[in-house]
Amino acid sequence: MTTMAGVTEFLKQKTLAVIGVSRSGKKFSNTIYKELKTKGYHLIPVNPRVDMIDGEPCFPDIQSIPLKVEGVVIVVPPNQTEQAVKDAAAAGIKHVWIQQGAESPGAIDFCKNNGINVIHNHCILMFADPSLPHKCHRFVWKVLGKLPK
């Protein structure tokens, strides 16, 4: 289960890989990438089919990144998420955010069984210094009792 303490700990990590940034620039993964950049995070895009995203080098996988990554935001189809968390674990990453829609029970269990702080079933943009639309989303979730405790 996602906890507020886990969310807070994840957000302290300032060098994050975003797995699933789209080459078209039109997917929600790109929105996450762009918004987190404006909030001071050092972001590294990961997509095996693209060399550059917004003028930044894009890496095919976590293992190809030449610097230490503290956390990973995963925005891929659920059938790719378990491999993504295994790759993150192999790279020594202990903080994983599985964006809504990317959840996989196997990936979540893998994280829990391997001591990885895993956040799932929540949008990172509701918590990382949220803009007005994301503040509204967070407020609605609070009213509905869906926010982590």
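Residue indices begin at 1 and follow the sequence shown.
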Name of the residue among [options] meeting side chain to side chain contact (heavy atoms under 4.5 Å, CB included) with [X]:
X      : options                    : result
Phe127 : Thr8, Ile119, Leu11        : Leu11
Ile124 : Ile98, Leu36, Val75, Val18 : Leu36
Val72  : Asp87, Leu16, Ile44, Ile93 : Ile93

Next item on the list: Can you label the angle between the Phe10 ring and the His95 ring as parallel, tilted or perpendicular, going by 30° and 60°?
Entry: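 The arrangement is perpendicular - the two ring planes meet at more than 60°.
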Heavy-atom check, side chain of [X] versus side chain of [Y], under 4.5 Å:
X      : Y      : result
Glu70  : Lys14  : yes
Glu103 : Ile108 : yes
Lys34  : Asp54  : yes
Ile116 : Val85  : no
His42  : Leu67  : yes
Ser104 : Phe110 : no
Cys123 : Phe28  : yes

Counting N and O atoms only, with roles assigned by atom type, does the side chain of [X] sit under 3.5 Å from a partner on the main chain of [Y], one being a donor and the other an acceptor?
X      : Y      : answer
Thr2   : Pro148 : no
Asn30  : Val21  : no
Asn117 : Gly6   : yes

Notebook entry, point to check: What's the spacing between Thr15 OG1 and Lys68 NZ if we round to 0.5 Å?
Noted result: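 Reported value, rounded in 0.5 Å steps: 9.0 Å.
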Margin query: If hydrophobic clusters are built from ILVMFWY residues whose side chains come within less than 4.5 Å, do Trp141 and Met4 share one?
Written below: yes
Next item on the list: Could you please spell out the steps behind the salt bridge (Lys or Arg N to Asp or Glu O under 4.0 Å) verdict for Glu56 and Lys37?
Entry: CA-CA 12 Å; Glu56 300 285 333; Lys37 265 187 123 167; 3.6 Å; yes
Check: Nearest heavy-atom pair of Gly20 and Ser29: which atoms, and what distance?
Finding: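 Nearest heavy atoms, Gly20 then Ser29: O-OG, 2.8 Å.
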Check: Using the benzene-type ring in the case of Trp, are the ring centres of His122 and Trp97 under 6.0 Å apart?
Finding: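 No, they do not, as the ring centres are separated by 6.0 Å or more.
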Item checked: Over 12 foreign heavy atoms within 6.0 Å of NZ, Lys39 -> yes
Notebook entry, point to check: For Asp51, does the CG atom have more than 12 heavy-atom neighbours from other residues, nucleotides or ligands under 6.0 Å away?
Noted result: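 No.
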Notebook entry, point to check: Partners of His120 by ring-ring contact (aromatic ring centres under 6.0 Å, His included), sequence neighbours excluded?
Noted result: none
